[in-house]
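Every number for a ligand or one of its atoms is a count from 1 in the order of the listing.
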Amino acid sequence: MTDRLVIVGAGQAGFALAAKLRALKDARPITIVGSETVIPYQRPPLSKKYLLGEMEFERLTFRPETWYPENNVELLLSTYVEEIDRKAKRVRMQDGAELEYATLALATGSTPRTLPASVGGDLDGVFTVRDKRDADLLAGEMRPGRRLLIIGGGYIGLEAAAVARHLGLEVTLIEMADRILQRVAAKETADAMRAIHQSHGVVIREKTGLHRLIGSPEGNHVRAAELSDGSTIDVDFVIVGIGVAPNDRLAQDCGLEVGNGVVVDEFARTSDPSIFAVGDCAMLPWKGRRIRLESVQNAVDQAEAAAAIIAGGNAPYDAKPWFWSDQYDVKLQIAGFNMGYDETFARPGAREGSLSIWYFREGRFIAVDAINDAKAYVTGKKMLETGIEPDRAVLSDPAADLKQLLA
Ligand SMILES: Cc1cc2nc3c(=O)[nH]c(=O)nc-3n(C[C@H](O)[C@H](O)[C@H](O)COP(=O)(O)OP(=O)(O)OC[C@H]3O[C@@H](n4cnc5c(N)ncnc54)[C@H](O)[C@@H]3O)c2cc1C
């Protein structure tokens, strides 16, 4: 009988889980199985500094390659787990090899949604951004004067737009919904980010969907896009940023409970007590609801909480969501989770162009978006952690020091 922990997925959460167990002096054998060819690395720079060419891959990795043998963590790269046999407690890889586990952790992340072939999604020159390979392919396309169409006005699309403009490309971004950031942020945040992008020359077309992509007559490369308003634009390449889906097929196939992701409890346990799920692929309980978070904060904190449970602890994971996005010289920082908000309050910051948007649900403060406003972010985050409600008089006075909110 083995006491091995097998982690499926060598990304942010998979690495954090292994590293935390070793930090807790837990010496059980650990194997991380990852389908990518490279050692674990952080993804956020893939749509920011790495795509810009301002960051080497070595700076993306969590630890150097030597860390794994030094810490007795076996790393199986270029290896895809095909199947989980829960009865035999074994996973089967794509080459037929099998690995026994005592404990299994699913850290499989998520996959970008793609466009169907019927609208040209299979043409050459159509990209998504999820891993190093995607970013490397895309970086090769980012040349001055080329025409880029970005489909989807979420964070990935907007970050890619900022990189492309910085590198001198012509950028059109289309968003099917009424406005950019519709799913994730308030109108005030969207208005501010739209204005920033427009001032940098991005053409943003909201309420505009894609009808179809058109390939070149001589080959299979995208050359134009027909939009839902009947117009056609010429393009050299396309980035599709229309959200991600959790990688929960393995869990579903072996009969674990799956919703929008692998269903886990507050200890990151799935419906099988010897199997955990962490990071983007997990659907976790939060304030009486079930949510899925796609962020570094959640991947790390939930994985570390799971590690503590695996090592014998009993503290539940209490997600304290935070997120950031870098676009041009703008840092957007978000604390809390704005789901279900029914009121927002925008407050100009001390610096020119800085702004914070405070979210409320049923009168209670639930989240803040801070645009180049670190003070608002830090204050809001602290208030959420300690349960302090903001004093509206202080919030509505732009001259007031936000520190007073914590008094
Ligand atoms: C371009 C980009 C920019 C981002 N920017 C930000 C940001 O600014 N701030 C922020 O908070 N978050 C950001 N994120 C999100 C953040 O990176 C993710 O939430 C985080 O990586 C999730 O960690 P994870 O371990 O769950 O998944 P991942 O890091 O995606 O790792 C999952 C790994 O599992 C592998 N895998 C899947 N199935 C199998 C299998 N069956 N067998 C073997 N291996 C498998 C995958 O190949 C992948 O390597 C960004 C993400 C991307 C893609």
**Report entry** Polar atom proximity, Ala13 to ligand 1 (N or O, under 3.5 Å)
**Finding:** yes
Query raised in the report: Quick one: nearest non-hydrogen protein atom to atom 27 (O) of ligand 1, plus distance?
Result: Gly109 CA, 3.2 Å
Query - Those atoms of ligand 1 less than 4.0 Å from some heavy atom in Glu36 - result: 47 (O), 48 (C), 49 (O)
Requested in this report: Decide yes or no on side-chain hydrogen bond (donor to acceptor under 3.5 Å, both in side chains) for Glu188 and Thr344, but give the supporting numbers first.
Outcome: CA-CA 8 Å; Glu188 294 92 328; Thr344 53; 2.8 Å; yes
Requested in this report: Considering only non-hydrogen protein atoms, determine which one is nearest to atom 34 (O) of ligand 1 and report residue, atom name and distance to 0.1 Å.
Outcome: Gly9 CA, 3.2 Å
Query raised in the report: For Arg59, does the CZ atom have more than 12 heavy-atom neighbours from other residues, nucleotides or ligands under 6.0 Å away?
Result: no
Report task. Using a cut-off of 6.0 Å, state whether more than 12 heavy atoms not belonging to His200 lie near its atom NE2. Result -> yes
Query raised in the report: Does one side chain, of Thr31 or Arg4, offer a donor that lies under 3.5 Å from an acceptor on the other?
Result: yes
Query raised in the report: Any idea which protein heavy atom is nearest atom 37 (C) of ligand 1, and the distance to it?
Result: Thr108 O, 3.2 Å
Query raised in the report: Within the structure, does Ser295 bring an N/O atom to less than 3.5 angstrom of an N/O atom in ligand 1?
Result: yes
Query raised in the report: Does any N/O atom on Ser325 come nearer than 3.5 Å to any N/O atom on ligand 1?
Result: no
**Report entry** Residue portion contacting ligand 1 (non-hydrogen atoms closer than 4.0 Å) for Tyr155
**Finding:** neither
Query - Polar contact flag for Ser47 and ligand 1 (N/O pairs, less than 3.5 Å) - result: no
Query raised in the report: Looking only at distance, does Trp324 have an N or O less than 3.5 Å from an N or O of ligand 1?
Result: yes
Report summary line: The option among Pro44, Pro40, Ala10, Gly11 carrying the non-hydrogen atom nearest to atom 13 (C) of ligand 1 is Pro44
Query - Met339 atom CE, over 12 foreign heavy atoms within 6.0 Å - result: yes
Report task. Provide the number and element of each atom of ligand 1 under 4.0 Å from a heavy atom of Arg130. Result -> 27 (O), 28 (P), 30 (O), 53 (C)
Report summary line: Closest to atom 10 (C) of ligand 1 among protein heavy atoms sits Phe323 CE1, 3.2 Å
Query raised in the report: How about Asn247 and Thr111: does a side-chain donor come under 3.5 Å of a side-chain acceptor?
Result: yes
Query - Between Gln327 and Tyr155, a side-chain donor and acceptor under 3.5 Å - result: no
Query - Distance from atom 15 (C) of ligand 1 to nearest protein heavy atom, with residue and atom - result: Glu294 O, 4.1 Å
Report task. Verify the distance criterion only: is there a donor paired with an acceptor across the side chains of Tyr359 and Asp369 at less than 3.5 Å? Result -> yes
Query - Polar atom proximity, Cys281 to ligand 1 (N or O, under 3.5 Å) - result: no
Query - For atom 22 (C) of ligand 1, the protein heavy atom that lies nearest, with its residue and separation - result: Asp280 OD1, 3.2 Å
Query raised in the report: Should Thr79 be listed as contacting ligand 1, given a heavy-atom distance under 4.0 Å as the test?
Result: yes
Query raised in the report: Would you say Glu343 has more than 12 foreign heavy atoms packed within less than 6.0 Å of its CD?
Result: yes
Query - Polar side chain donor-acceptor pair, Glu159 to Ser325, under 3.5 angstrom - result: yes
Report task. Check whether any side-chain heavy atom of Val263 sits under 4.5 Å from a side-chain heavy atom of Arg290, and report yes or no. Result -> yes
Query raised in the report: Any side-chain donor-acceptor pair under 3.5 Å between Ser271 and Glu257?
Result: no
Query raised in the report: Do Arg205 and Ser231 have a side chain donor and acceptor closer than 3.5 Å?
Result: yes
Query raised in the report: What part of Asp131 sits under 4.0 Å from ligand 1 if we count only heavy atoms: the side chain, the backbone, both or neither?
Result: neither
Query raised in the report: Which one of Arg179, Arg194, Lys187 satisfies the salt bridge (charged side-chain N to carboxylate O under 4.0 Å, His left out) criterion with Glu206?
Result: Arg194
Report task. Could you tell me which atoms of ligand 1, counted from 1 in the order shown, lie closer than 4.0 angstrom to a heavy atom of Ala107? Result -> 32 (C), 33 (C), 34 (O)
Query raised in the report: Should you measure from each heavy atom of Ala299, which atoms of ligand 1 turn up under 4.0 Å away?
Result: 22 (C), 23 (O)
Query raised in the report: So, Thr270 and Asp272: side-chain donor and acceptor under 3.5 Å apart, yes or no?
Result: no
Query raised in the report: By number and element, which atoms of ligand 1 are closer than 4.0 Å to a non-hydrogen atom of Leu250?
Result: 41 (N)
Query raised in the report: Under 4.0 angstrom from ligand 1, any heavy atom of Lys48?
Result: yes
Report task. Give a yes or no on whether Lys49 atom NZ has more than 12 heavy-atom contacts from other residues, nucleotides or ligands under 6.0 Å away. Result -> no
Query - Under 4.0 Å to a heavy atom of Gly279 - the qualifying atoms of ligand 1, by number - result: 26 (O)
Report task. List every atom of ligand 1 that sits less than 4.0 Å from any heavy atom of Val33, numbering the atoms from 1 in the order shown and giving each element. Result -> 43 (C), 44 (N)
Report summary line: Looking at Leu17, Val296, Leu106, the heavy atom closest to atom 16 (C) of ligand 1 belongs to Val296
Report summary line: Among Val81, Ile156, Leu332, the residue with a heavy atom nearest to atom 2 (C) of ligand 1 is Ile156
Query raised in the report: Nearest protein heavy atom to atom 28 (P) of ligand 1, by residue and atom, and its distance?
Result: Arg43 NE, 3.3 Å
Query raised in the report: To the nearest 0.1 Å, how far is atom 45 (C) of ligand 1 from its closest protein heavy atom, and which atom is that?
Result: Ser35 OG, 3.4 Å
